[in-house]
Amino acid sequence: MAVRLLISVLIISLFSFTYASDPAPLQDFCVAIKDNEAKGKFCICKDPNMVSADDFFFPGLNMPGNTSNAQGSRVTPVNVNQLPGLNTLGISLVHIDYAPYGLNPPHTHPRATEVLVVFEGTLFVGFVTSNPADPNVKNKLFTKTLYPGDVFVFPEGLIHFQFNVGKTNAFVFAGLSSQNPGVITIADAVFGSDPSISLDVLTKAFQVDANVIKYLQAQFK
C-alpha cells in the first residue's frame with residue numbers, strides 16, 4: 001500500500017512539473033486567436049486551413065525604438081501578443097534600445113529565462129539571487145560589462161537590469177523561454193500600483209519616512 005501511495009505521489013509530481021511552463025504543442029502549430037470571453041487568454045487555435053505566412057511574421061524589428069522617456073530605454077516585444085504563430089512554442093523575442101546612460105530598470109520575467117545579445121553599445125548588466133535560506137546572508141548580485149557580440153543570461157524569475165554606460169546609443173536582442181514571459185518592473189509595481197499599497201506597509205518595508213514613500217509614489221502616477 002505504501003509503495004502504491006509513493007508511486008501515485010511521484011506521478012502527480014511529474015504531471016505538476018510537466019505543466020509548470022508553456023504548453024507543449026500537440027500539432028505542427030496552434031496560431032492563437034484571442035477569446036474575448038477568456039479575457040485575452042489565447043486558448044483557441046486558428047483553423048489550420050486559414051493560417052498564412054503572415055501569422056508567423058513580424059516586420060521591422062530593426063527599427064530603433066523611441067527612448068525619449070524618463071528611463072532612456074525602449075523595449076519592443078515580439079511575443080504571442082504580437083505574433084500569434086508563437087502560441088504553444090515556448091519562445092519569444094525582444095529588441096531593446098538605450099539612449100546614452102539609458103536604463104532598463106530592475107524587473108523580472110516570472111515565466112522565462114532571458115538570453116541577451118549586445119549588438120551596439122556598452123552595457124552594465126546584472127541580476128540578483130532570490131532570498132537565501134539563511135536570513136543572515138544577503139541576496140547576491142552578479143554583474144558584468146558587455147560589449148558588442150557578448151551574451152548574458154538572466155535566470156527565470158530573478159530581478160535584473162541593463163544600463164547603457166556609454167556615450168552612444170545601444171541596442172540588444174534578447175530571447176525568452178516563453179511565448180508570453182510577462183514582466184514585472186519592480187518600482188512601477190511597488191510604487192505605482194492601483195490602488196496604492198498602504199503607506200504603513202511601504203514605510204515599514206523600506207524603513208523610511210512616509211514622506212519619502214509619498215514622493216516615490218507620486219513619480220509613478
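For this chain, numbers begin at 1 and follow the sequence in order.
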Handout entry: Residues Glu120 and Asn169: side-chain donor-acceptor under 3.5 angstrom
Key = no

Practice task
Indicate yes or no: at least one non-hydrogen side-chain atom of Tyr98 is less than 4.5 angstrom from one of Gln162.
Solution key: yes

Exercise for the section: Report, as yes or no, whether the 6.0 Å neighbourhood of atom NZ on Lys221 holds more than 12 heavy atoms from other residues, nucleotides or ligands. Expected result: yes

Practice task
Assign the ring pair His160 / Phe154 to parallel, tilted or perpendicular, where the plane angle (0 to 90°) is split at 30° and 60°.
Solution key: parallel

Handout entry: Check: Phe173 and Val118 side chains under 4.5 Å, non-hydrogen atoms
Key = no

Practice task
Taking the side chain as every heavy atom from C-beta outward, state whether Leu176 and Thr113 have any pair of such atoms under 4.5 Å apart.
Solution key: no

Exercise for the section: Decide ring-ring contact (aromatic ring centres under 6.0 Å, His included) for His107 and Phe161; before the verdict, give the C-alpha distance in whole Å, the side-chain angles of both, and the deciding distance to 0.1 Å. Expected result: CA-CA 7 Å; His107 63 281; Phe161 62 87; 9.1 Å; no

Handout entry: Between CD1 on residue Ile186 and CZ on residue Phe191, distance to nearest 0.5 Å
Key = 10.5 Å

Completion exercise
Shortest non-hydrogen pair, Phe58 vs Leu83, comes out as N-CD1, 4.1 Å

Exercise for the section: May I ask you to test the Ser177-Ile91 pair for a side-chain heavy-atom distance under 4.5 Å? Expected result: no

Practice task
May I ask you to decide if Gly65's main-chain N or O and Asp97's side chain share a donor-acceptor pair within less than 3.5 Å?
Solution key: yes

Problem - Any donor-acceptor N/O pair, Ser178 side chain to Asn180 backbone, under 3.5 Å - result: yes

Exercise for the section: Side-chain contact test, heavy atoms from C-beta onward, threshold under 4.5 Å: evaluate it for Leu202 versus Val190 and give yes or no. Expected result: yes

Practice task
Flag yes if Ile197 and Val212 sit in one hydrophobic cluster, no otherwise; membership is Ile, Leu, Val, Met, Phe, Trp, Tyr, and two members link when side-chain heavy atoms are under 4.5 Å apart.
Solution key: yes

Exercise for the section: Classify the side-chain pair Glu156/His109 by whether it contains a donor and acceptor separated by less than 3.5 Å. Expected result: no

Exercise for the section: Would you check if Leu103 and Ser73 make a side-chain contact, meaning some heavy-atom pair closer than 4.5 Å? Expected result: no

Fill in the blank from the handout: Output for pair (Thr108 OG1, Leu158 CG), nearest 0.5 Å, gives 6.5 Å

Handout entry: Distance (rounded to the nearest 0.5 Å) between Lys167 NZ and Thr122 OG1
Key = 12.0 Å

Exercise for the section: Evaluate ring-ring contact (aromatic ring centres under 6.0 Å, His included) for Tyr147 paired with Phe119, printing each intermediate quantity in order. Expected result: CA-CA 8 Å; Tyr147 303 94; Phe119 279 76; over 10 Å; no

Practice task
Would you please classify the geometry between the Tyr101 ring and the Phe163 ring as parallel, tilted or perpendicular, with 30° and 60° separating the classes?
Solution key: tilted

Practice task
Check the hydrophobic clustering (I, L, V, M, F, W, Y; side-chain heavy atoms under 4.5 Å; chains of links allowed) and say if Val117 and Val75 are grouped together.
Solution key: no

Problem - Heavy-atom donor-acceptor pair, Asn79 side chain to Ser92 backbone, under 3.5 Å - result: no

Exercise for the section: State, with a plain yes or no, whether a side-chain heavy atom of Lys204 is found less than 4.5 Å away from one of Val201. Expected result: no

Handout entry: 4.5 Å side-chain heavy-atom contact, Ile96 and Thr76
Key = no

Problem - Reported CG-to-OG1 distance for the pair Asp28 and Thr88, which is rounded to 0.5 angstrom - result: 10.0 Å

Exercise for the section: Report the distance from atom CG of Asn139 to atom OG1 of Thr129, rounding to the nearest 0.5 Å. Expected result: 5.0 Å

